[in-house]
Amino acid sequence: MTAAAPPVPPGACAPTAAPAATALTLTPVSKVLKLCLHALLLGLLALAAGRAVADSAPRAGWVVAACVLLAAVYAAGVRAPAVHGSPRAGAVWLAGLGAAWAGLLLISPDGLWIAFPLYFLELHLLRLRWGVAAVAVTACAAIGGFLAHSSAATPGAFLGPLLGGAVAVATVLGYQALYRESERRRELIEELITTRADLAAAERGAGILAERERLAREIHDTLAQGLSSIQLLLRAAERTLPEGAPALPHIAQAREAAQDNLAEARRFVRALTPPDLEHGSLAAALERLCAGMPGPRMRFSLSGRPRVLPTPYEVALLRIAQSALANVVRHARAGRAEITLTFMDASVTLDIVDDGHGFDPSSAASGSGDGGFGLPAMRSRAETLGGLFTVESAPGQGTAVAVTLPLPLEHLEHTDPVEAP
């Protein structure tokens with residue numbers, strides 16, 4: 001997960017710890033810091049100008065002019081839209097501030113107070129290494145300005161600007177680390193909420209589908225089979241009765257009623273079939289799936305003698321194909337993909353192969369990658385029916401997904417091959 005950039009600093013400009021600046025909505029904390037920095041810098045400028053005027057300094061007019069110029073440059077940068085989104089514009093603004101500050105520092109020792117708010121601006125507007133270098137240069141300029149206006153070099157002249165720069169660096173880095181951690185937690189919470197909603201929707205859909213399949217099996221295995229047996233018995237009874245027997249019309253009427261109800265039961269079974277399968281066989285549904293998928297070229301091929309599969313098998317294979325192709329479209333960056341449905345004597349196999357950039361299956365299975373629940377869900381569908389699910393892939397070598405489902409013996413004994421679509 002990619003951490004979000006830190007909030008807009010108290011200089012009203014986007015940070016550039018990343019190669020490109022990102023416009024962010026200010027949080028309440030960053031707004032307070034921004035206002036505090038404005039107040040600090042303008043207050044220090046007013047203090048420097050006020051001291052020069054109150055002490056009747058020889059260059060009091062120049063000091064006031066330099067303070068006004070520095071305040072104007074600062075206000076222009078704060079209000080300039082380009083500074084908010086462009087690292088280069090932010091660097092140019094800092095250079096202008098530095099030049100105006102250097103002019104104030106040359107004519108007034110009180111100008112070194114402005115170094116502290118400049119530290120924060122440099123750290124937020126420049127990349128980390130350039131920001132630290134700018135802080136160091138600013139600290140050296142502050143020390144040089146103090147020494148130029150003072151005849152005595154004291155330890156405080158060196159320790160003050162250096163400690164101020166160190167405090168600024170530690171404060172900004174700590175604030176950015178806290179913000180990144182907060183953003184990671186927020187994104188994790190949003191992802192968890194989304195995942196829970198998706199899981200709930202998937203469970204509801206799976207429950208509805210499972211109930212439809214259960215009802216279809218129950219109607220097919222009980223009512224339809226029972227009505228079919230009744231038809232056979234009535235036909236046998238009809239053959240045993242002599243011609244012209246009084247019961248023959250009643251038997252014929254009962255057989256027709258059983259036949260009509262059997263057709264109705266079969267209509268119910270078809271209505272309860274999953275929507276993707278209600279217009280044809282599994283092979284036809286897979287062919288429509290390939291034709292309707294966006295992205296890479298997709299091709300469907302059929303191998304072996306097709307046969308009618310149990311509804312749970314067709315549903316499982318169709319859902320696995322849909323999930324695998326969705327992964328190809330979203331993640332594989334493939335140029336082509338192919339689905340192959342193979343019917344064998346005692347099993348059916350579905351293969352999905354693409355020429356995408358691939359991945360590490362062990363990483364996806366352990367949950368250490370960025371994958372979701374697609375592969376575990378496909379594996380669970382196959383294993384529920386006693387099948388085998390395999391994934392072969394490697395970075396840069398494409399992906400092959402294979403599902404093999406063994407057919408139940410009772411199905412093999414009562415089904416005949418069907419024509420391919």
Side-chain angles (χ1 to χ4, degrees), residues 1-45 70-71 73-98 101 112-143 159-192:
M1 184 182 300
T2 303
V8 177
C13 300
T16 57
T22 303
L24 298 173
T25 301
L26 290 177
T27 62
V29 174
S30 64
K31 287 181 179 179
V32 172
L33 293 178
K34 171 185 171 182
L35 293 176
C36 288
L37 185 62
H38 293 343
L40 176 62
L41 191 140
L42 295 177
L44 292 175
L45 289 176
L70 185 56
V73 173
Y74 180 78
V78 169
R79 298 179 61 86
V83 176
H84 290 258
S86 171
R88 179 171 297 180
V92 171
W93 180 51
L94 279 178
L97 281 176
W101 174 64
L112 65 90
W113 298 336
I114 311 301
F116 191 69
L118 288 179
Y119 293 154
F120 288 98
L121 289 176
E122 291 162 349
L123 289 170
H124 281 291
L125 292 174
L126 303 175
R127 299 180 186 179
L128 181 60
R129 61 178 182 273
W130 295 111
V132 173
V135 167
V137 171
T138 303
C140 292
I143 295 172
L159 293 179
L162 294 177
L163 287 178
V167 169
V169 170
T171 302
V172 170
L173 293 182
Y175 177 73
Q176 291 178 350
L178 289 175
Y179 183 82
R180 286 193 296 268
E181 181 64 24
S182 174
E183 283 297 292
R184 281 193 291 267
R185 289 179 181 274
R186 181 186 60 80
E187 291 176 359
L188 285 173
I189 292 173
E190 290 180 354
E191 184 178 0
L192 177 60

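This chain uses plain numbering: 1 for the first residue, then up along the sequence.
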query = Can you name the side chain to side chain contact (heavy atoms under 4.5 Å, CB included) partners of L173, sequence neighbours left out?
reply = L128, V169, Q176
task = Determine yes or no for a side-chain-to-main-chain donor-acceptor pair under 3.5 angstrom, with Y119 supplying the side chain and P161 the backbone.
result = yes
query = Hey, does L162 have a side-chain heavy atom less than 4.5 Å from the side chain of I143?
reply = yes
task = Looking only at non-hydrogen atoms, find the nearest pair between V73 and G96 and report the distance.
result = CG1-C, 4.1 Å
ask   = Any side-chain heavy atom of L40 within less than 4.5 Å of one from F116?
value = yes
ask   = For W93 and Y74, which heavy atoms make the closest approach, and how far apart are they?
value = CZ2-O, 3.3 Å
inquiry  = Treating T138 as the side-chain partner and A134 as the backbone partner, does any N or O pair qualify as donor plus acceptor under 3.5 Å?
reply    = yes
request  = Decide, yes or no, whether a salt bridge links E187 with R184 under the criterion of side-chain N to carboxylate O below 4.0 Å.
outcome  = no
ask   = When rounded to the nearest 0.5 angstrom, what distance separates CG in L70 from CG in L45?
value = 5.0 Å
inquiry  = If we ignore hydrogens and angles and just use 3.5 Å, is the side chain of W130 paired with the main-chain N or O of E122 as donor and acceptor?
reply    = no
key: Nearest-0.5 Å distance that lies between atom CD1 in I189 and atom CG in L192   = 8.0 Å
